[in-house]
Amino acid sequence: MKKSYRVKREKDFQAIFDAGKSTANRKFVIHFLEKDQAHFRVGISVSKRLGNAVTRNAVKRKIRHVLMEFGEHLKSDDFVVIARKGVEELDYQQVRQNLKHVLKLAKLLEEGFESEKEN
């Protein structure tokens with residue numbers, strides 16, 4: 001993921017948490033802040049409670065991959081994805097399904113995205 005697509009600074013994270021809104025499902029929490037910019041920016045947070053560094057990085061890789069797959073269908077806002085306990089046990093398709101669900105709840109994913117491909 002390119003640097004321009006990432007939220008890295010503490011000030012940016014804090015702005016999203018303070019002024020933004022949030023929504024959640026059982027596996028993810030999303031905090032988002034509406035912005036007028038060229039594309040979305042995302043921060044990913046995976047707690048040490050989910051496992052060791054190898055496990056946490058694997059979870060972050062899956063999340064990043066799903067977000068890049070959805071990239072052209074995401075609104076151009078800033079958001080932070082927080083992984084909840086249990087995400088480390090999910091395979092890629094389950095991560096994709098749960099992340100898609102919470103992004104739709106937050107209205108960050110375009111309406112009708114992949115509705116014709118749903119199983």
Side-chain angles (χ1 to χ4, degrees):
M1 185 178 292
K2 293 180 183 177
K3 278 188 179 183
S4 62
Y5 285 85
R6 294 185 287 184
V7 174
K8 293 294 276 184
R9 296 188 327 205
E10 179 64 27
K11 185 175 89 172
D12 294 337
F13 273 94
Q14 209 55 53
I16 294 168
F17 291 135
D18 291 343
K21 300 173 186 169
S22 69
T23 188
N25 64 9
R26 291 184 177 191
K27 300 299 180 187
F28 294 103
V29 178
I30 297 214
H31 291 269
F32 57 97
L33 181 62
E34 293 181 14
K35 286 251 182 138
D36 187 25
Q37 54 195 10
H39 53 77
F40 72 92
R41 290 189 326 143
V42 64
I44 299 172
S45 175
V46 180
S47 171
K48 286 186 178 181
R49 286 183 281 170
L50 289 170
N52 62 17
V54 173
T55 304
R56 293 192 312 269
N57 285 327
V59 169
K60 286 188 268 190
R61 276 195 307 274
K62 288 177 189 174
I63 293 170
R64 272 195 299 273
H65 191 272
V66 170
L67 290 172
M68 290 313 291
E69 184 181 338
F70 293 163
E72 61 190 42
H73 303 285
L74 287 170
K75 289 187 179 177
S76 61
D77 296 339
D78 285 355
F79 58 98
V80 177
V81 177
I82 301 172
R84 286 184 160 173
K85 188 76 174 153
V87 173
E88 71 278 7
E89 298 164 1
L90 302 179
D91 65 14
Y92 175 77
Q93 289 301 325
Q94 292 169 321
V95 168
R96 185 180 187 279
Q97 181 181 5
N98 280 286
L99 202 50
K100 181 177 168 184
H101 174 254
V102 77
L103 286 168
K104 281 187 176 180
L105 287 176
K107 295 185 172 103
L108 292 170
L109 200 57
E110 289 177 357
E111 288 294 320
F113 171 68
E114 278 192 359
S115 59
E116 67 277 355
K117 294 183 194 176
E118 297 284 336
N119 293 345

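Sequence positions, counted from 1, serve as the residue numbers for this chain.
Here CD of Glu72 is found 14.0 Å from NE2 of His39. Values are rounded to the nearest 0.5 Å. Rounding to the nearest 0.5 angstrom, the gap separating the CD1 atom in Ile30 from the CD1 atom in Ile82 is 9.5 Å. Here the CD-CG distance, from Glu69 to Leu67, works out to 10.0 Å after rounding to the nearest 0.5 Å.
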Side-chain donor/acceptor pairs under 3.5 Å, residues 9-16, sequence neighbours excluded:
| from | atom 1 | to | atom 2 | distance (Å) |
| --- | --- | --- | --- | --- |
| Gln14 | NE2 | Asp18 | OD1 | 3.3 |

What pairs of donor and acceptor atoms, side-chain ones from residues 42-53 against any protein atom, are under 3.5 angstrom apart with sequence neighbours left out?
| from | atom 1 | to | atom 2 | distance (Å) |
| --- | --- | --- | --- | --- |
| Ser47 | OG | Arg49 | N | 3.1 |
| Asn52 | OD1 | Val54 | N | 3.3 |
| Asn52 | OD1 | Thr55 | N | 3.0 |
| Asn52 | OD1 | Thr55 | OG1 | 3.0 |

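Inter-residue side-chain proximity for Arg61 and Arg64 is flagged as met; some heavy-atom pair is nearer than 4.5 Å. For the pair Arg96/His65, no side-chain contact is recorded, criterion being any heavy-atom separation below 4.5 Å from C-beta on. Phe32 places a side-chain heavy atom less than 4.5 Å from the side chain of Lys21.
Of the residues Val29, Leu108, Val102, the one that meets the side chain to side chain contact (heavy atoms under 4.5 Å, CB included) test with Thr23 is Val102. Each of Leu33, Val7, Leu103 was checked for a side chain to side chain contact (heavy atoms under 4.5 Å, CB included) with Phe79, and the lone residue meeting it is Leu103.
Residues passing the ring pair (Phe, Tyr, Trp, His ring centres under 6.0 Å) test with His101, sequence neighbours excluded: none.
With a 6.0 Å radius and a threshold of 12 heavy atoms from other residues, nucleotides or ligands, Lys85 has its NZ atom above the threshold. No more than 12 heavy atoms of other residues, nucleotides or ligands lie within 6.0 Å of CD in Gln97, so this atom counts as exposed by the packing criterion.
A pairwise comparison of heavy atoms in Leu105 and Ala24 identifies CD1-O, 3.8 Å as the closest pair. Shortest non-hydrogen contact noted between Asp78 and Arg41 is OD2-NH2, 2.9 Å. Nearest heavy-atom pair across Phe40 and Met68 is CZ-SD, 4.4 Å. Pairing each heavy atom of Lys27 with each of Gly86, the nearest pair is NZ-CA, 3.9 Å.
Looking at Asn98, its side chain never comes within 3.5 Å of a backbone N or O of Phe28 through a donor-acceptor pair. Under the 3.5 Å distance criterion, the side-chain polar atoms of Arg84 are matched with a main-chain donor or acceptor of Asn25.
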